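Here the structure is a predicted model, which is why all the values come from computation and not from measurement.
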Amino acid sequence: MEEGKMKAVRLYAPRELHVDDVSIPEPGPGEALVRVRAVGVCGSDVHYYMDAQIGDAKAVFPFTMGHEFAGEIAALGPGADGPPVGTRVAVDPAIACGKCETCLDGNPNCCPNVRFPGSAPIQGALSEYYAHPAHLCEPIPDSM
């Protein structure tokens with residue numbers, strides 16, 4: 001594997017997965033780069049695998065699935081307010097918009113514009129690294 005590259009499992013068509021070498025993402029403003037250590041397989045991943053879509057959400061190939069993940073903080077992007085590098089974390093995959101009335105009222109868990117990694121068209125975390133909002137990375141104990 002080349003420097004700056006990682007492995008990612010990507011869907012190329014229904015029921016067609018490949019393990020590819022892709023670039024390690026750079027964490028953007030407010031993001032943490034998570035070194036992924038575990039990814040759960042959700043029912044939505046199965047739908048994408050079988051049909052390359054869920055309802056109107058269609059995978060754009062190649063598509064990386066996975067939104068239930070945990071790992072450790074590998075780097076922080078500019079202005080990231082999250083756990084320090086090396087911290088083991090569980091990741092909240094629900095990325096609220098932060099701008100709608102629901103979010104501004106303090107209820108981002110009910111955001112009608114919520115986005116998820118691994119939910120088309122957003123690429124997922126079935127890879128070695130994933131850049132995600134740092135405030136959604138929750139520290140977990142070493143015993144877990």
Side-chain angles (χ1 to χ4, degrees), residues 1-13 16-49 51-142 144:
M1 189 164 55
E2 298 175 42
E3 183 72 24
K5 296 284 187 176
M6 66 175 183
K7 299 283 187 198
V9 176
R10 304 193 306 167
L11 184 68
Y12 278 80
E16 183 184 336
L17 295 173
H18 296 217
V19 178
D20 293 335
D21 288 330
V22 298
S23 296
I24 295 173
E26 290 285 329
E31 292 184 331
L33 181 64
V34 177
R35 183 176 183 192
V36 178
R37 296 299 197 174
V39 180
V41 176
C42 180
S44 61
D45 298 317
V46 174
H47 282 285
Y48 279 116
Y49 174 75
D51 304 320
Q53 70 183 68
I54 298 175
D56 293 337
K58 296 181 181 181
V60 177
F61 303 121
F63 180 65
T64 306
M65 299 175 288
H67 62 266
E68 298 175 350
F69 65 107
E72 60 201 34
I73 303 296
L76 293 170
D81 183 22
V85 171
T87 304
R88 296 176 70 242
V89 294
V91 177
D92 178 351
I95 305 168
C97 75
K99 298 175 184 172
C100 70
E101 183 177 346
T102 303
C103 286
L104 295 175
D105 283 345
N107 299 302
N109 58 310
C110 298
C111 176
N113 307 309
V114 69
R115 300 174 299 123
F116 288 89
S119 182
I122 301 167
Q123 298 292 323
L126 196 52
S127 58
E128 292 181 285
Y129 291 90
Y130 192 81
H132 196 70
H135 73 280
L136 296 176
C137 297
E138 186 64 34
I140 56 176
D142 289 342
M144 187 177 230

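Here ring-ring contact (aromatic ring centres under 6.0 Å, His included) pairs that include residues 85-105, with residues two or more places apart or in two chains, number zero. Listed by first then second residue, pairs satisfying side chain to side chain donor-acceptor pair (under 3.5 Å) with a partner in residues 54-64 read T64-Q123, not counting sequence neighbours. Evaluation of the side chain to side chain donor-acceptor pair (under 3.5 Å) test over residues 94-104, restricted to residues two or more places apart or in two chains, returns none.
When all heavy atoms of G66 and D45 are compared, the pair lying nearest together is N-OD1, 3.1 Å. Across all non-hydrogen atoms, the minimal contact from C97 to N113 is SG-ND2, 3.6 Å. The two residues P83 and C137 have their closest heavy-atom pair at CG-O, 3.2 Å. Minimum heavy-atom separation, I73 to P84: CB-O, 3.6 Å. Nearest heavy atom pair, residue A125 against residue Y130, reads CA-CD1, 3.7 Å. Among all heavy-atom pairs drawn from A74 and Y129, the shortest one is CB-CE2, 3.9 Å.
One distance of note links CZ of F69 with SG of C42; it measures 13.5 Å at 0.5 Å rounding. We find the NE2-CG distance between H132 and L33 to be 12.5 Å, quoted to the nearest 0.5 Å. In this structure, NZ in K7 is found 12.5 Å from OG in S127, a value given to the nearest 0.5 Å. How far NE2 of H67 is from CZ of F116: 6.5 Å, rounded to the nearest 0.5 Å. Interatomic distance, CD1 of I54 versus OG of S119, reported as 6.0 Å (0.5 Å rounding). In this structure, CZ on R88 lies 4.5 Å from CD1 on I140, to the nearest 0.5 angstrom.
In this structure, Q53 has no side chain to side chain donor-acceptor pair (under 3.5 Å) partners at least two apart in sequence or on a different chain. The side chain to side chain donor-acceptor pair (under 3.5 Å) search around R10 returns Y12, D20, not counting sequence neighbours. With sequence neighbours excluded, no residue forms a salt bridge (charged side-chain N to carboxylate O under 4.0 Å, His left out) with D92.
The environment of CG in D81 is sparse: at most 12 heavy-atom neighbours from other residues, nucleotides or ligands sit within 6.0 Å.
Within the 3.5 Å criterion, the main-chain N or O of A120 finds a donor-acceptor partner in the side chain of Y48.
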